[in-house]
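Input: a single structure, listed below in structure tokens.
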Amino acid sequence: MTHRTTSQTGITPTDAAFPDVPEADIAEVRATIIDWFATAERPLPWRDPETTAWAVLVSEIMSQQTPVARVEPRWRAWMAKWPTPADLAAAPTAEVLHSWDRLGYPRRALRLQEAARVIAEERDNRVPETAAELETLPGIGSYTAAAVASFAHGQRTTVLDTNVRRVLIRVFAGRDRPSTSPSRRETQWAEQFVPAVDHVRWNAGVMEFGALVCTARSPKCDDCPLAEVCAWNRSGRPTSATKPKTQKWAGTDRQLRGAIMDVLKARHEETLDEAADDRHDGVPFDLLTAPTAALDEDMVESLGTATSAKLRRMRDLSANAERIARLAGDLVSDGLAARHGDRLSLPR
DNA sequence: AAATCGGGGGT
DNA sequence: ACCCCAGATTT
């Protein structure tokens, strides 16, 4: 017998991992979440009706893998400095990275500026409105594209971040946490929960609910308005297998790059100071007096895909890069250099 | 599918 | 110490 259960549309096949859900349950959860959101919503500045689409986009990029509470002050300063895509597009990359400071994943700052340049130069400084168009921009994947299309443009999209995935998996599938990354099947499954109307408030509300109530670590099930409907709660909140261990920090490429960034950002500040004083005559060229343009290249080189092999290449090919590598090595000498001699080869 | 990419704060 | 955070991109 081959009869598989199908959803009411007859289009989406289902399995035990992503089961069919009665329409009555979906309706109840939608209403509960939207009502809860109306009373519990955090007053995040990018939710202000006056906020531009570009400002929403910036908030989403900054929020990738970064707690919203940490993003908020940084977003305010960033938007005050570069209010439009054209403003960011015209900024020196060194200044962009310096302003990004320690938000983490500095490659996001580079992609954001690349996206700003595309929008400014090819799209008349206007943020695309559809998720498909947004996803063609650098640094914008499926989540960010859906979020910007929904929150900035009111489009009906399926916003599937870590919060939404956790809520849906618990409430409708009875498991404690989603897989590492969403499958195509999961995305299709999640689409059915997005209502035809109020989809923006659903998207924002279910995300907020995951951030404030249905949290990963200590979910507030005792005070949860979905406790009676939630499949996970009803089945006793079983826990699944442990996730793979998180990557080490000490002694890795990431730590070295962080040290390099610290050096370069400090030198960048000194460069700006000296430029203001107009007294860098006769000072030999080194990292302390390198012009901003040179720092641009070096800072970019030290980011993202710069592997330890690449750093070795930098040291060999560029006198300036050699100084950077040496400075970075000095900075972490107690850790990396001590364990690996004078090489910048690092453990994985 | 698995690796890689930062940094900080909560537990 | 370990886990998690409004993920994206490369291998």
Side-chain angles (χ1 to χ4, degrees), chain A residues 37 41-42 44-47 55-75 97 100-112 114-115 131 134-152 157-168 176-187 200 202-212 214-219 239 242-250 252-262 265 302-310 346-348:
Chain A
F37 186 54
E41 173 185 9
R42 290 171 294 183
L44 299 176
W46 46 85
R47 287 181 180 149
V56 172
L57 192 159
V58 172
S59 81
E60 294 299 343
I61 298 292
M62 286 186 171
S63 299
Q64 289 167 1
Q65 296 293 286
T66 308
V68 164
R70 194 149 76 89
V71 167
E72 181 171 345
R74 317 300 305 281
W75 178 88
L97 290 168
W100 194 261
D101 195 31
R102 305 183 69 77
L103 249 189
Y105 292 121
R107 54 167 59 166
R108 290 183 294 168
L110 300 177
R111 305 293 167 259
L112 181 59
E114 291 171 18
L134 284 160
E135 203 166 344
T136 68
L137 295 172
I140 297 188
S142 58
Y143 160 74
T144 304
V148 172
S150 177
F151 303 144
T157 62
T158 303
V159 174
L160 211 57
D161 78 322
T162 184
N163 291 306
V164 177
R165 296 184 65 214
R166 186 174 53 249
V167 173
L168 297 181
D176 66 331
R177 64 174 158 210
S179 60
T180 304
S181 64
S183 61
R184 184 181 187 86
R185 166 68 54 83
E186 181 182 345
T187 302
V200 175
W202 162 259
N203 283 333
V206 68
M207 195 162 21
E208 189 84 331
F209 190 78
L212 299 182
C214 195
T215 55
R217 206 71 70 84
S218 303
T239 56
T242 59
K243 297 177 67 175
K245 283 186 179 179
T246 54
Q247 185 183 31
K248 291 292 184 190
W249 171 251
T252 62
D253 285 6
R254 304 173 100 176
Q255 183 192 29
L256 175 57
R257 276 192 295 275
I260 292 173
M261 286 298 293
D262 287 342
K265 279 181 284 203
S302 69
L303 292 169
T305 59
T307 64
S308 52
K310 191 167 187 174
L346 305 171
R348 303 195 175 280

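Convention: sequence-line order gives letters A, B, ...; per-chain numbering from 1. If you're wondering where the values come from, they're calculated on a predicted model, not measured in any experiment.
Of the two residues near DNA chain B, Arg70(A) and Ser218(A), the one whose nearest nucleotide lies more 5' is Arg70(A). Annotation: of the two residues near DNA chain C, Arg42(A) and Ile140(A), the 5′-most nearest-nucleotide partner is Arg42(A). DNA chain C is contacted by both Ser142(A) and Arg177(A); Arg177(A) maps to the nucleotide lying nearer its 5′ end (nearest heavy atom per residue).
Rounded to a whole angstrom, the distance from the P atom of dA6(C) to that of dT11(B) is 13 Å. Separating the P atom of dA1(C) from that of dC5(B) is a span of 23 Å, rounded to the nearest Å. Comparing the same atom, P, in dT11(C) and in dG6(B) gives a spacing of 15 Å after rounding to whole Å. Distance check on atom C1': dG8(B) versus dT9(C) gives 23 Å, rounded to whole Å.
In this structure, Arg47(A) atom CZ and dA6(C) atom C1' are separated by 9 Å, rounded to whole Å. With rounding to whole Å, Arg185(A) atom CZ is found 12 Å from dA1(B) atom P. Rounded to an integer number of Å, the gap from Leu103(A) CG to dG6(B) C1' is 10 Å. Here dC5(C) presents its P atom at 20 Å from CE of Met62(A), a figure rounded to the nearest Å. Note: OH (Tyr105(A)) to P (dT9(C)) measures 13 Å, nearest angstrom. Taking atom CG of residue Leu110(A) and atom C1' of nucleotide dC5(B), one finds them 12 Å apart after rounding to whole Å. In this structure, CZ of Arg107(A) is placed 12 Å from P of dG7(B), rounded to the nearest angstrom. Rounded to whole angstrom, the span from the CH2 atom of Trp100(A) across to the C1' atom of dC5(B) amounts to 13 Å.
Residues Ser179(A) and Arg165(A) bring a donor and an acceptor atom of their side chains to less than 3.5 Å of each other.
You'll find the side chain of Val68(A) reaches within 4.5 Å of the side chain of Leu44(A), heavy atoms only.
When atom types are taken as modelled, the side chain of Glu208(A) and the backbone of Phe37(A) share no donor-acceptor pair closer than 3.5 angstrom. With hydrogens and angles ignored, the 3.5 Å screen pairs a side-chain donor or acceptor of Thr66(A) with a backbone N or O of Gln64(A). Listed for the Arg47(A) side chain is a donor-acceptor partner under 3.5 Å among the backbone atoms of Arg42(A).
Across dG7(B), dC4(C), dA6(C), the shortest atom-to-atom separation from the side chain of Thr246(A) is found for dC4(C). Closest to the Lys248(A) side chain, of the nucleotides dG7(B), dC2(C), dA8(C), is dC2(C).
Side-chain atoms of Arg217(A) stay outside donor-acceptor range of the base of dC4(C), with no qualifying N/O pair under 3.5 Å. Taking only distance into account, the side chain of Thr66(A) never meets the base of dG8(B) through a donor-acceptor pair shorter than 3.5 Å.
Using a 4.0 Å heavy-atom criterion, one finds that Ser181(A) contacts no nucleic acid atom at all. In this structure, Leu44(A) reaches the bases: a heavy-atom distance under 4.0 Å links it to at least one base atom across the strands shown. Residue contacts for Ala147(A): at a heavy-atom cut-off of 4.0 Å it reaches no nucleic acid atom on any strand shown. Across all strands shown, Gly141(A) has heavy atoms under 4.0 Å from sugar-phosphate atoms exclusively, and none from any base.
Minimum interatomic distance between Met62(A) and Arg108(A) (heavy atoms only, all atoms of both residues): O-NH1, 2.8 Å.
Listed pair Gln65(A) / dG7(C) meets the phosphate criterion, a side-chain N or O lying under 4.0 Å from OP1 or OP2. Remark: Arg102(A) is in phosphate contact with dG8(B), judged by side-chain N or O atoms under 4.0 Å from OP1 or OP2.
Pair assignment for dT11(B) gives dA1(C), based on Watson-Crick or G-U wobble hydrogen-bonding distances that are each under 3.5 Å.
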